[in-house]
Amino acid sequence: MTKKETAQILEILKKAYPNFYKGFSKEDSKDAIDLWTTMFEDEDVFTVANAVKAHIAMDEKGFPPVIGQIKSKIQSLSRKSVVTEFEAWEKVKNAIRNSLYDSGEEYAKLPENIQRLIGSPLTLRQWAMLDISELDSVVQSNFMRSYKA
């Protein structure tokens, strides 16, 4: 994040917490911008802005966040977007249910990373023809191992 972007983030905080920032001098503001710029230099401004806004939206105490709270919020927001191998397998299993008749459409509904792992709609169709015990053991374990890797 640049100093200009950091200043924009701190303006959001000043508007959300006006009582906290009303005694800030120009020197205090400059020091805060320098510190936040250094601490978030490797972060994208949109990521930091989303974390700050998420903090503001959930804040019940009425105090602005410290840097560590925003770093933590960034980590938690990025973790939520990661799909575990169990969740990925559930998506595949749901696609398999209709793949005897419409494997192309079911394949197209899957996220791109899962599509790459499966390879083609034909694979979904072939899995749909398997015995359920084989699907829930061999295919599942192979898929989950590959997805995790």
Side-chain angles (χ1 to χ4, degrees), residues 1-99 101-125 127-128 135-137 139-149:
M1 235 176 27
T2 66
K3 282 189 177 192
K4 183 179 178 181
E5 293 168 336
T6 303
Q8 293 170 339
I9 297 295
L10 292 177
E11 279 301 313
I12 293 170
L13 290 171
K14 285 180 184 178
K15 289 177 182 159
Y17 303 98
N19 290 335
F20 182 83
Y21 291 101
K22 70 179 169 188
F24 263 48
S25 67
K26 291 226 183 256
E27 187 65 27
D28 291 334
S29 293
K30 182 189 174 306
D31 290 344
I33 289 170
D34 289 344
L35 177 62
W36 279 63
T37 300
T38 301
M39 296 304 295
F40 292 101
E41 66 187 355
D42 296 330
E43 296 290 344
D44 175 54
V45 66
F46 298 109
T47 303
V48 177
N50 286 336
V52 166
K53 290 174 184 177
H55 175 84
I56 292 168
M58 300 304 291
D59 179 35
E60 296 177 357
K61 296 181 181 180
F63 295 103
V66 295
I67 291 168
Q69 289 173 301
I70 299 304
K71 292 256 185 199
S72 178
K73 185 64 76 173
I74 289 170
Q75 286 181 347
S76 70
L77 289 173
S78 65
R79 269 195 306 261
K80 289 180 183 175
S81 65
V82 174
V83 176
T84 68
E85 65 267 23
F86 296 103
E87 293 167 329
W89 175 247
E90 282 303 312
K91 290 177 188 262
V92 171
K93 203 168 175 185
N94 286 334
I96 290 170
R97 287 189 181 108
N98 294 326
S99 288
Y101 304 104
D102 207 352
S103 59
E105 185 178 325
E106 292 300 323
Y107 182 81
K109 291 180 190 176
L110 292 170
E112 189 177 317
N113 62 335
I114 294 176
Q115 286 179 354
R116 273 187 270 122
L117 192 60
I118 292 172
S120 73
L122 179 61
T123 304
L124 284 178
R125 184 163 164 52
W127 286 351
L135 183 68
D136 283 342
S137 60
V139 175
Q140 177 184 359
S141 67
N142 288 338
F143 173 85
M144 290 172 64
R145 188 177 328 109
S146 297
Y147 182 83
K148 193 172 184 178

Tell me, do [X] and [Y] make a side-chain contact under 4.5 Å, heavy atoms counted?
X: Y21; Y: P64; answer: yes
X: T84; Y: Y147; answer: no
X: D34; Y: K3; answer: yes
X: F20; Y: L13; answer: no
X: I12; Y: I56; answer: yes
X: D44; Y: M1; answer: no

Atom pair [atom1] ([X]) and [atom2] ([Y]), whose distance is rounded to the nearest 0.5 Å:
X: W127; Y: I96; atom1: CH2; atom2: CD1; value: 6.0 Å
X: E85; Y: Q140; atom1: CD; atom2: CD; value: 10.0 Å
X: E87; Y: I114; atom1: CD; atom2: CD1; value: 9.5 Å
X: L124; Y: D102; atom1: CG; atom2: CG; value: 11.0 Å
X: M144; Y: N142; atom1: CE; atom2: CG; value: 11.0 Å
X: F40; Y: K71; atom1: CZ; atom2: NZ; value: 5.0 Å

Taking all heavy atoms of [X] and all of [Y], pick out the closest pair and write down the distance.
X: A32; Y: F24; value: CB-CE2, 4.5 Å
X: L110; Y: K91; value: CD2-O, 3.7 Å
X: K73; Y: A54; value: CD-CB, 4.0 Å
X: S99; Y: S103; value: O-CB, 3.3 Å
X: D28; Y: G23; value: OD2-O, 4.2 Å
X: I9; Y: V52; value: CG2-CG2, 3.8 Å

Is it true that the side chains of [X] and [Y] contain a donor and an acceptor less than 3.5 Å apart?
X: R97; Y: N94; value: yes
X: T47; Y: N50; value: no
X: D59; Y: Y17; value: yes

>> Under the rule for side-chain hydrogen bond (donor to acceptor under 3.5 Å, both in side chains), what residues qualify as partners of K14, not counting sequence neighbours?
In response: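 Partners of K14 by the side-chain hydrogen bond (donor to acceptor under 3.5 Å, both in side chains) criterion, ordered by chain and then number, come out as S29.
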> Looking only at atom types and distance, does a side-chain atom of T37 sit under 3.5 Å from a main-chain N or O of I33, one as donor and one as acceptor?
Replying inline: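 Side chain of T37 to backbone of I33: a pair is present.
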>> Has E5 got a side-chain atom pairing as donor or acceptor with V45's backbone, closer than 3.5 angstrom?
In response: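 Checking the backbone N and O of V45 against the side chain of E5, no donor-acceptor pair under 3.5 Å is found.
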>> I'd like to know whether K109 forms a salt bridge (charged side-chain N to carboxylate O under 4.0 Å, His left out) with E106, so could you lay out the CA-CA distance, the side-chain angles of the two residues, the decisive distance to 0.1 Å, and finally the verdict.
In response: CA-CA 5 Å; K109 291 180 190 176; E106 292 300 323; 3.4 Å; yes
> Should E27 and K30 count as an ion pair when the cut-off is N to O under 4.0 Å?
Replying inline: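 Here E27 does not pair with K30 in a salt bridge, since their nearest N and O are not under 4.0 Å apart.
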> Stepwise, does the side chain to side chain contact (heavy atoms under 4.5 Å, CB included) test hold for Y107 with L122?
Replying inline: CA-CA 9 Å; Y107 182 81; L122 179 61; over 6 Å; no
